Amino acid sequence: MAETGKDINKAKELLEAGQLVAIPTETVYGLAGNALDAEAITKIFQVKGRPRFDPLIIHVSSFDKTHLYADNIPAKASDLASAFWPGPLTLLLERKNIIPDLVTAGLPTVGIRCPNHPLTRQLLEAVDFPLAAPSANPFGYISPTTPGHVADQLGARIPYILDGGPCRVGIESTIVGFPNGTGTVYRTGGLKIEEIERVIGKVELKIAASADPKAPGQLHSHYAPRKKMIAGNLEDLLARYPLPKAGILSFQKNYDAPLQIILSPTGDLEEAARNLFSALRKLDESTAEVILAEYVPDTGLGRAINDRLSRAANR
Ligand code: TXA
Ligand code: MG
């Protein structure tokens with residue numbers, strides 16, 4: 001069973017020995033391994049049960065390091081990095097050959113991000129390789145936002161969980177690429193599109209849900225609880241499902257249900273994002289027979305929340 005603790009040295013030694021360590025970030029916990037070591041990368045895919053066609057993000061300690069792993073970095077990318085790194089933003093950049101094929105699933109780009117969590121930043125400074133880290137959950141399930149979430153699901157398969165407390169943002173990074181120089185968002189996330197556009201102007205959105213495995217990061221079923229989940233208008237859904245059977249996930253309103261989680265009683269989208277994945281886990285572990293969730297306002301972080309809700313409901 002994994003040990004949980006705050007020992008950066010221990011994490012460093014395990015990673016240097018080719019082992020995996022769960023690491024805290026501001027978005028969600030990651031399942032980290034040496035991104036330059038194909039054996040460590042293979043372990044990540046095995047432990048997560050992740051298909052090999054789905055590429056991994058690598059994590060670095062600062063923007064300077066991206067030059068070691070990527071070529072022809074567009075000005076828009078460096079502008080975004082100086083505005084938002086460390087932070088919940090992943091940049092898709094032209095990969096250098098030092099990055100193993102396994103990491104990028106053979107794609108010509110590599111996803112790079114500089115996470116904003118003090119423990120993981122210290123760890124990244126202590127090791128002399130980048131850390132490949134997908135979210136630390138079994139493939140397709142809800143991402144972990146506490147060390148306990150990681151221990152529950154992957155604890156038997158990894159030696160160490162670096163304990164950085166609950167994640168401050170609670171939803172994965174926003175992924176931005178630059179095909180033909182055009183800023184393009186592939187996954188909405190913890191950095192608002194409005195903020196990105198403030199720095200590089202209008203971006204394109206390519207976040208259409210897809211069942212096509214050739215469109216990484218866009219699988220239509222993802223972030224999903226095991227229970228049946230339906231997302232929509234709660235008043236309508238409640239007319240179809242009796243309250244005692246339903247677990248209710250509401251944004252702000254109290255539906256007086258016996259099994260109900262309100263994401264943010266004050267209607268704050270950041271608070272809702274922070275609570276989203278724990279709430280889904282709690283309802284999945286509850287006695288509810290079905291999870292009924294309502295969409296939140298589709299602005300700011302609300303876009304990323306709604307994206308996760310619709311994928312969670314799509315299984
Ligand atoms: O916030 C986050 O990004 C977290 C923390 C741990 O950093 N990581 C994370 O990793 O969410 P993961 O593997 O669960 O999701 C990364 C997504 C995947 O859907 C993958 O398909 C996509 O990023 N991705 C990675 N590299 C890509 C590439 N070169 N081109 C297109 N999509 C890519
Ligand atoms: Mg994930």
Side-chain angles (χ1 to χ4, degrees), residues 20-33 35 41 44-45 47-60 69-70 77 84-96 99-117 119-121 123-124 130-145 149-150 153-154 161-162 164 167-179 184-191 206-207 209-210 212-224 273 277 304 307-308 311-312:
L20 306 186
V21 172
I23 57 166
T25 82
E26 78 280 36
T27 59
V28 301
Y29 273 73
L31 176 63
I41 303 303
I44 293 179
F45 282 96
V47 168
K48 250 191 93 94
R50 181 178 179 118
R52 295 284 176 98
F53 59 71
D54 197 359
L56 306 179
I57 293 173
I58 69 168
H59 298 69
V60 295
Y69 311 118
F84 303 118
W85 276 7
L89 166 70
T90 294
L91 299 171
L92 298 184
L93 301 171
E94 196 180 307
R95 72 182 264 223
K96 280 197 163 148
I99 300 295
D101 274 335
L102 265 176
V103 169
T104 65
L107 293 173
T109 54
V110 57
I112 307 188
R113 122 171 163 90
C114 178
N116 190 5
H117 189 289
L119 281 186
T120 290
R121 297 198 71 200
L123 177 62
L124 284 167
L131 293 177
S135 52
N137 51 281
F139 181 69
Y141 195 66
I142 305 159
S143 299
T145 53
H149 292 166
V150 182
Q153 292 190 303
L154 301 183
I161 300 170
L162 190 59
C167 299
R168 198 164 41 74
V169 175
I171 205 154
E172 298 85 350
S173 60
T174 303
I175 301 182
V176 182
F178 309 91
T184 306
V185 171
Y186 293 92
R187 177 175 74 183
T188 52
L191 179 63
K206 287 211 175 143
I207 42 186
S210 156
D212 179 1
K214 288 195 290 299
Q218 305 184 328
L219 299 174
H220 66 35
S221 169
H222 218 100
Y223 316 104
F277 288 145
D307 170 82
R308 305 309 188 266
R311 286 177 214 262

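These values consider heavy atoms only, across backbone and side chains, with no hydrogens, waters or symmetry-generated copies. Every number for a ligand or one of its atoms is a count from 1 in the order of the listing. Since the structure is predicted, the reported quantities are computational estimates derived from the model, not experimental observations.
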(request) Please confirm whether T25 comes within less than 3.5 Å of ligand 1 when only nitrogen or oxygen atoms on both sides are compared. (result) no
(message) Using every non-hydrogen atom in the two residues, find where A312 and Y223 come nearest and quote the distance to one decimal.
(response) CB-O, 3.3 Å
(message) Taking 4.0 angstrom as the limit and counting only heavy atoms of S173, give me the atoms of ligand 1 inside it, by number and element.
(response) 1 (O), 2 (C), 3 (O)
(request) For H59, counting its heavy atoms only, list the atoms of ligand 1 lying under 4.0 Å from any of them. (result) 5 (C), 6 (C), 7 (O)
(message) Are Q153 and P144 packed together at the side-chain level, in the sense that at least one heavy-atom pair is separated by less than 4.5 angstrom?
(response) no
(request) May I ask whether T104 has any heavy atom positioned less than 4.0 angstrom from an atom of ligand 1? (result) no
(message) Any nitrogen or oxygen of K48 lying under 3.5 Å from a nitrogen or oxygen in ligand 1? Just yes or no.
(response) no
(message) Please give me the minimum heavy-atom distance between L56 and I41, naming the atom from each residue.
(response) CD1-CG2, 3.9 Å
(request) With heavy atoms only and a cut-off of under 4.0 Å, state how A133 meets ligand 1: side chain, backbone, both or neither. (result) backbone
(request) Check L93, I57, T90, L89 against I112 for a side chain to side chain contact (heavy atoms under 4.5 Å, CB included) and give me the one that passes. (result) L93
(message) Under 2.8 Å from the Mg ion (ligand 2), is there any N, O or S atom belonging to Y223?
(response) no
(request) Could you tell me whether ligand 1 has any atom less than 4.0 Å away from a heavy atom of R187? (result) yes
(request) Mark up the atoms of ligand 1 that fall under 4.0 Å of a heavy atom belonging to I175, in ascending order. (result) 17 (C), 22 (C), 23 (O)
(request) Sort out for me which residue in P88, C167, S135 forms a side chain to side chain contact (heavy atoms under 4.5 Å, CB included) with T27. (result) P88
(request) Any atoms of ligand 1 less than 4.0 Å from a non-hydrogen atom of R50? List them with their elements. (result) 12 (P), 13 (O), 14 (O), 18 (C), 20 (C)
(message) Taking 4.0 Å as the limit for heavy-atom contacts, which would you say applies to E26 with ligand 1: side chain only, backbone only, both, or neither?
(response) neither
(request) Output the distance between atom CG (L131) and atom OG1 (T120), rounded to the nearest 0.5 Å. (result) 8.0 Å
(message) Which heavy atom of T174 sits nearest to which heavy atom of L191, and what is that distance?
(response) OG1-O, 2.7 Å
(request) Considering non-hydrogen atoms only, spot the tightest contact between I171 and G189 and give its length. (result) CG2-C, 4.0 Å
(message) For D101, is there an ion pair with R52 - N to carboxylate O distance below 4.0 angstrom?
(response) no
(message) Can you check which of V169, D54, L89, T27 brings a heavy atom nearest to atom 5 (C) of ligand 1?
(response) T27
(request) Check whether any side-chain heavy atom of N116 lies under 4.5 Å from a side-chain heavy atom of R168, and answer yes or no. (result) yes
(message) Could you tell me, atom by atom, which parts of ligand 1 come under 4.0 Å of a heavy atom of L107?
(response) 28 (C), 29 (N), 30 (N)
(request) Heavy-atom distances under 4.0 Å are what count here, so tell me which part of L92 touches ligand 1: side chain, backbone, both or neither. (result) side chain
(message) Side chain, backbone, both or neither: which applies to T109 and ligand 1 if a contact is any heavy-atom pair less than 4.0 Å apart?
(response) both
